Amino acid sequence: MRRIAVDPRGDWRERADAIGFVYHDTDGEPYWDEGAAYSFTLAEIEDDLEPAAEQLHAMCLDLVDEVVRDQQLMERLAIPREQWNYVAETWRTRQPSLYGRFDFAYDGTGPAKLYEYNADTPTSVFECATFQWMWLEDLLASGKLPAGTDQFNSLFDKLRERFRALFPSGGFVHFAADASAVEDRQTVRFFEDLASQVGIEPKFVEMKDIGLAADGRFIDTDGFEVQAAFKLYPWEFMLREPYAPNLSRADVRWIEPAWKSILSNKGILPLLWERHPEHPNLLPAFFDDDPAAKILGPKYVRKPLFSREGANVEVIGEDGHAVLDQGYGAEGAIRQACAPPPVFDGRHPVIGAWMVGNEAAGIGVREDDTVVTRNLARFVPHIIEANDD
């Protein structure tokens, strides 16, 4: 794994705008950065990253099966008591999942280490599946990359085929998000397009505009019943909304299903470590109040059970670490061994390894100037080096 300099395409912003990737700059700073790329060997992908994602995913599914049967674990993960049966029922009936993203520390010299599993509402999927691939094709066509250069990226095709498998007869599906959040809305548009390609009729509705009919079922602003819905809105919010009592009886097929509320919770990190101690892809992790956490020593990372984009993540024992406070942490926290991302040219990359269904489907790389990957971290494309043999 190495970071290489690449000449940016002169028209990349226009090309991004043309496909709807309009959030390529954030607050005046580039979010998409193609002045560099991360280069991997095929062995690093096939021997390290791909199997790590699939094995961890399988371990996570085993954990869900245990948690839904154990009220103490449900409580430990701050799943609202009133929703325990509902969450468990979505697992017992095997409500299907679409996708998720593992965040890894990796530098090519050792096993990938799991930071967290974004199992419910992961973003960066649109730019990873589309614009990153377009970048590769353009550079191959122009000769800026040698023939045979590849990318670990079957995300677009696997997502489309997963929609086909989830809705083999097509049909009408709602897509919901906060339309005022540009990245969220464009991400959902990407999913709407994928779904329409396999015969699904998509209809967008803002999460805040979903209402309740007299019989307790969910309806959109036109009065259409919500029967199946992709939502880019986290379960830790949904399970606490005023409409939460209706979730179990409204009979909506949510994508992602409610059992993903377990896996999108950083409390799975100590639970995984407890069940798979010394696993090469796990970092030691403990709940905040566990006396065993003392083995981490004076320097460790403290993470709220629920947080996003590095918010309220603290590196304990490191002077000068700024905490992005967005109010997370009331439900509890975990402690994880401090394993900073590697440094390449002064940047800290984190590997996002995508799962579609139960299959690894590609990676995206985001890099930050600090050890905590935040909202303004840059997306940098990647390649698999051409085989010279």
Side-chain angles (χ1 to χ4, degrees), residues 60-61 63-100 117-122 163 166-167 171-179 181 184 187-188 191 195 200 202-268 305-308 328 330-332:
C60 285
L61 296 184
L63 182 61
V64 173
D65 194 58
E66 180 181 351
V67 170
V68 297
R69 303 167 191 271
D70 190 322
Q71 293 183 354
Q72 287 186 324
L73 291 178
M74 294 283 263
E75 187 167 15
R76 196 65 158 133
L77 295 179
I79 306 295
R81 180 182 297 267
E82 302 79 18
Q83 303 302 327
W84 287 355
N85 288 338
Y86 172 60
V87 171
E89 184 63 17
T90 65
W91 173 253
R92 284 192 290 266
T93 57
R94 296 301 190 267
Q95 294 296 303
S97 166
L98 176 65
Y99 76 134
Y117 192 8
N118 299 279
D120 182 21
T121 58
F163 268 115
L166 293 178
F167 302 97
F172 180 69
V173 177
H174 282 89
F175 287 76
D178 176 4
D184 288 5
T187 298
V188 172
F191 283 116
I200 295 168
K203 183 182 183 186
F204 180 76
V205 59
E206 288 222 46
M207 283 297 301
K208 66 180 180 63
D209 291 336
I210 297 177
L212 287 172
D215 62 359
R217 294 182 179 269
F218 293 107
I219 54 174
D220 66 18
T221 52
D222 296 318
F224 288 101
E225 183 182 332
V226 179
Q227 296 180 334
F230 172 92
K231 51 90 190 167
L232 201 64
Y233 190 71
W235 274 111
E236 64 261 29
F237 294 170
M238 291 180 67
L239 295 176
R240 291 168 171 81
E241 294 281 12
Y243 56 69
N246 295 79
L247 288 167
S248 62
R249 54 181 179 266
D251 197 26
V252 179
R253 184 181 177 188
W254 295 103
I255 308 283
E256 296 295 307
W259 57 263
K260 279 295 196 76
S261 63
I262 295 170
L263 296 185
S264 62
N265 185 313
K266 293 177 184 62
I268 69 168
L305 295 184
F306 309 116
S307 77
R308 294 170 184 278
Y328 292 104
E331 296 83 6

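Only this structure's heavy atoms are used, side chains among them; waters, hydrogens and symmetry mates stay out. Computed from a predicted structure; not experimentally measured.
- Side chain of R249 to backbone of P245: a donor-acceptor contact under 3.5 angstrom is found.
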Carefully, step by step, assess I255 and F191 under the rule side-chain contact (heavy atoms from CB on, under 4.5 Å). CA-CA 11 Å; I255 308 283; F191 283 116; over 6 Å; no

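- The closest side-chain heavy-atom distance from Q227 to D251 is not below 4.5 Å.
- Residues S97 and P257 share a closest heavy-atom pair of CA-CD, 4.0 Å.
- Side-chain contact between I200 and L166: absent, with no pair of heavy atoms (C-beta onward) separated by less than 4.5 Å.
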Between E206 and Y233, does the side-chain hydrogen bond (donor to acceptor under 3.5 Å, both in side chains) criterion hold? Intermediate values first, please. CA-CA 10 Å; E206 288 222 46; Y233 190 71; over 6 Å; no

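- Rounding to the nearest 0.5 angstrom, the gap separating the CZ atom in F306 from the NZ atom in K266 is 9.0 Å.
- Annotation: side chain of V173 is not in contact with side chain of P202 (no heavy-atom distance under 4.5 Å).
- Taking the six-membered ring where the residue is Trp, the centroids of Y243 and F218 are separated by under 6.0 Å.
- Under the 3.5 Å distance criterion, the side-chain polar atoms of D220 are matched with a main-chain donor or acceptor of F224.
- Between K231 and D120 a salt bridge is recorded (basic side-chain N to carboxylate O distance below 4.0 Å).
- With W84 contributing its side chain and I79 its backbone, the two residues share a donor-acceptor pair below 3.5 Å.
- In this structure, T187 OG1 and F175 CZ are separated by 12.5 Å, a value rounded to the nearest 0.5 Å.
- The shortest non-hydrogen separation linking A177 to L232 is CB-CB, 4.0 Å.
- If you take CE on M207 and CZ on F237, they are separated by 11.0 Å, rounding to the nearest 0.5 Å.
- Rounding to the nearest 0.5 angstrom, the gap separating the CG atom in L263 from the CD1 atom in I268 is 5.0 Å.
- With salt bridges taken as basic N to acidic carboxylate O contacts below 4.0 Å, none links D178 and K208.
- N265 is not listed as a side-chain neighbour of Y117, based on a closest heavy-atom distance of 4.5 Å or more.
- Counting non-hydrogen atoms of other residues, nucleotides and ligands closer than 6.0 Å to CG of N85 gives a total of 12 or fewer.
- With hydrogens and angles ignored, the 3.5 Å screen pairs no side-chain donor or acceptor of E225 with any backbone N or O of R217.
- A donor-acceptor contact shorter than 3.5 Å links the side chain of N246 to the backbone of G216.
- Counting heavy atoms of neighbouring residues, nucleotides and ligands inside a 6.0 Å radius, atom CD of E241 exceeds 12 of them.
- Formation of a donor-acceptor pair under 3.5 Å by the W235 side chain with backbone atoms of I262 is not found in this model.
- Taking both residues in full, the closest heavy atoms of Q83 and A244 are given as NE2-O, 3.4 Å, listed atom of the first, atom of the second, then distance.
- A donor-acceptor pair under 3.5 Å is absent between the side-chain atoms of W91 and the main chain of V68, judged by distance alone.
- Taking the charged nitrogens against the carboxylate oxygens, D222 and K203 do have a contact shorter than 4.0 Å, which makes a salt bridge.
- In this structure, E236 and S264 have side chains that are in contact, with non-hydrogen atoms separated by less than 4.5 Å.
- A distance of 6.0 Å or more separates the ring centres of F163 and Y99.
- P80 places a side-chain heavy atom less than 4.5 Å from the side chain of R240.
- Taking both residues in full, the closest heavy atoms of V188 and A176 are given as CG2-O, 4.2 Å, listed atom of the first, atom of the second, then distance.
- Taking all atoms of both residues into account, the shortest heavy-atom contact from E256 to A119 is CG-O, 3.9 Å.
- Checking side-chain atoms of W259 against main-chain N and O of D65 turns up no donor-acceptor pair under 3.5 Å.
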Given the rule in the side-chain contact (heavy atoms from CB on, under 4.5 Å) test, do H174 and F230 qualify, once you have shown the distances and angles that lead to the verdict? CA-CA 6 Å; H174 282 89; F230 172 92; over 6 Å; no

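- Here the closest heavy-atom approach between residue V67 and residue M74 is recorded as O-CG, 3.4 Å.
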